[in-house]
Asks: 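Handing you a structure now.
In this chain, numbering begins with 1 at the start of the sequence shown. Quick note: numbers below take in every heavy atom, side chains included, and nothing from hydrogens, waters or symmetry partners.
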Amino acid sequence: MGIATIGAFAIGEYPEGVAVMLFYSVGEVFQAMAVTKAKTNIKSLLDQRPDEVTVLENGNPKVIKAEKANIGDIIQLKSGEKLGLDGELLSEKASFNTSALTGESKPDTKSKGEMVLAGMINLNTVSQVRVTTAYKDSKLSKILEMVQNATSQKAPTELFIRKFAKVYTPIVVFLAIGITFLPYFFFEDYRFTKWLYKALIFLVISCPCALVVSIPLGYFGGIGAGSRNGILIKGSNFLDILANVQNVVMDKTGTMTKGVFKVQEVNFGNEFNKEEILKFINVLESKSSHPVATAIHEFVGEINHSIQLENVEEIAGHGLKAMIAGKELLVGNFKLMDKFSISYDLKTENIVYTLIAVAYDKKFVGYLTIADSIKEDAQLTINKLKALNIKTTMLSGDKSSVVQFVANELGIETAFGDLLPEDKVNKVKELKAKNQTVAFVGDGVNDAPVVALSDVGIAMGGLGSDATIETADVVIQDDKPSKIPMAINIGKQTKKIVWQNIILAFAVKAIVLILGAGGLATMWEAVFADVGVALLAILNAVRIQRMKF
């Protein structure tokens with residue numbers, strides 16, 4: 001572009017020289033605006049992360065930035081709060097939602113002195129944790145680093161255009177020099193300015209600006225569009241892979257289900273007053289800090305404090321016992337029923353959920369089923385994947401009966417349970433052996449090996465483990481499975497826009513080159529063929545950031 005401008009000025013074609021630089025500068029401005037917008041999308045996404053912690057200073061709680069917490073500080077963690085840094089539990093006992101780290105839906109009760117990790121959610125009582133790891137080593141810091149490195153991972157199309165431009169540009173410059181001087185040896189009426197003007201037209205038309213600028217910008221726009229929707233994509237090469245995905249293999253717990261206990265069903269005998277017994281259970285469970293108690297309280301509602309309990313006793317590994325108006329109430333597992341010789345006629349092995357047995361006045365009342373609940377958008381996710389003709393498979397370490405039940409509920413084609421991490425790897429290898437593109441979606445540490453093996457690994461980043469997020473190629477920041485088909489759609493749209501730009505650039509350049517060869521094209525047509533097309537391609541690339549997916 002510099003050579004063309006200087007050349008145009010040299011032969012007195014000032015308007016053309018100005019036009020080349022003016023349009024080129026306008027294109028640069030649009031490119032800068034598009035890149036800034038994409039970076040802003042990424043930055044605003046990361047600024048939404050929970051990065052504050054409550055530390056105790058001389059026994060008084062003080063809210064500070066997580067990055068300012070030092071090793072040795074004591075964090076006070078309220079019920080429902082997510083832990084911001086790794087640490088050691090100082091409270092006697094606390095229950096945590098650890099599904100992001102373990103892949104299991106059952107909450108984990110930690111005792112004093114045990115390690116608790118960033119990403120775990122405190123489920124019940126206020127707990128205290130001594131920080132053992134600096135914030136800069138946390139999951140959130142690693143995500144930020146991942147985004148900053150995203151542009152270094154180039155798509156094959158982008159890499160080809162870069163290599164093409166490196167070879168193509170010098171060839172075009174030498175051809176332009178040839179067009180200027182070689183006619184001297186073949187034409188008697190050779191005029192230097194005439195052939196220099198033709199060479200400059202050729203040079204401007206042939207300039208690969210439209211391709212070199214718009215293709216990387218298209219991919220960067222795709223990364224920006226993903227970030228705006230809470231999807232972090234590690235590089236433009238993964239946008240291409242997402243566009244061609246044929247199979248989506250997913251974990252169950254924390255991916256398609258919430259990893260939170262909820263009451264699913266109440267099965268009581270007809271001779272009992274269901275509402276009354278549930279109120280009794282609610283009051284009794286309020287004496288416990290177990291996550292199951294929270295699930296029951298959420299299901300039943302407000303506690304009736306007028307109900308008087310006597311001789312409340314928690315029997316470790318069994319459940320709770322109390323007296324109400326002289327009658328014995330037992331709430332716990334079926335081992336509790338056996339311990340107090342309560343007879344029941346029920347085959348518990350056929351029921352996939354966690355069972356809470358209830359006995360009142362020495363009689364078996366029935367049971368409540370408690371289970372992990374399916375995410376609200378899980379069904380929408382599967383429907384959208386099917387609409388995209390993508391096959392779905394569920395792999396989980398949970399009981400096969402539970403996995404099969406969830407798969408049937410959602411309409412997932414294939415499901416396998418009772419799997420170890422290496423079993424998941426083998427299942428994905430079987431799919432890849434059929435030469436099919438596989439995306440794996442997971443969130444736990446146990447998912448990291450299979451995430452690494454798949455063509456594109458997708459991690460649930462809201463609660464996902466550091467290992468899985470580091471290994472993954474795409475991170476869904478808010479844990480919504482509906483972002484899986486959205487990420488695939490962003491990949492497809494990005495690829496479509498990139499190819500539109502390639503076809504537009506080559507088609508217009510070919511037409512104007514033919515006109516130029518026939519002496520019909522001036523510098524104005526040449527400027528449009530390069531800078532005008534580049535401008536159109538940039539605007540087309542920016543379009544993806546405004547799309548709704």
Asks: How long is the straight-line distance from CD of Glu114 back to CG of Leu90, given to the nearest 0.5 Å?
Replies: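 If I round to the nearest 0.5 Å, the distance is 12.5 Å.
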Asks: Do side-chain atoms of Lys234 reach the backbone of Ala472 as a donor and acceptor pair under 3.5 angstrom?
Replies: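 Yes, because the side chain of Lys234 sits within donor-acceptor range (under 3.5 Å) of the backbone of Ala472.
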Asks: Is the backbone N or O of Ile476 less than 3.5 Å from a side-chain atom of Lys483, with the two atoms forming a donor-acceptor pair by type?
Replies: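 No, because the side chain of Lys483 does not come within donor-acceptor range (under 3.5 Å) of the backbone of Ile476.
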Asks: Looking at Phe299, does the NZ or CZ of Lys262 lie under 6.0 angstrom from its six-membered ring centre and within 45 degrees of the ring axis?
Replies: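 Judged by the rule, Lys262 and Phe299 form no cation-pi pair.
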Asks: Going by distance alone, is a donor N or O of one side chain under 3.5 Å from an acceptor N or O of the other, for Asn237 and Tyr219?
Replies: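 Asn237 vs Tyr219: no donor-acceptor pair found between side chains.
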Asks: Salt bridge between Lys258 and Glu376, side-chain N to carboxylate O under 4.0 Å?
Replies: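 Yes, this pair counts.
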Asks: Verify side-chain contact (heavy atoms from CB on, under 4.5 Å) between Leu368 and Glu265, making sure each step is shown before the conclusion.
Replies: CA-CA 6 Å; Leu368 293 87; Glu265 197 179 358; over 6 Å; no
Asks: Using atom types as modelled and distance alone, determine if a side-chain donor or acceptor of Asn122 lies under 3.5 Å from a backbone N or O of Gly80.
Replies: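 No, because the side chain of Asn122 does not come within donor-acceptor range (under 3.5 Å) of the backbone of Gly80.
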Asks: Give a yes or no on whether Lys492 atom NZ has more than 12 heavy-atom contacts from other residues, nucleotides or ligands under 6.0 Å away.
Replies: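 Enclosed: over 12 neighbouring heavy atoms sit under 6.0 Å from NZ of Lys492.
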Asks: Is it true that Lys391 and Glu413 have a side-chain N and a carboxylate O under 4.0 angstrom from each other?
Replies: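 No, this pair does not count.
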Asks: Look at the side chain of Asn426 and the backbone N and O of Lys429, then say whether any donor-acceptor pair between them is shorter than 3.5 Å.
Replies: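 Checking the backbone N and O of Lys429 against the side chain of Asn426, no donor-acceptor pair under 3.5 Å is found.
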Asks: Between Thr255 (side chain only) and Lys252 (backbone N and O only), is there a donor and an acceptor less than 3.5 Å apart?
Replies: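 Answer holds: no.
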Asks: Between Arg543 and Gln500, do the side chains contain a donor N or O and an acceptor N or O under 3.5 Å apart?
Replies: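 Yes.
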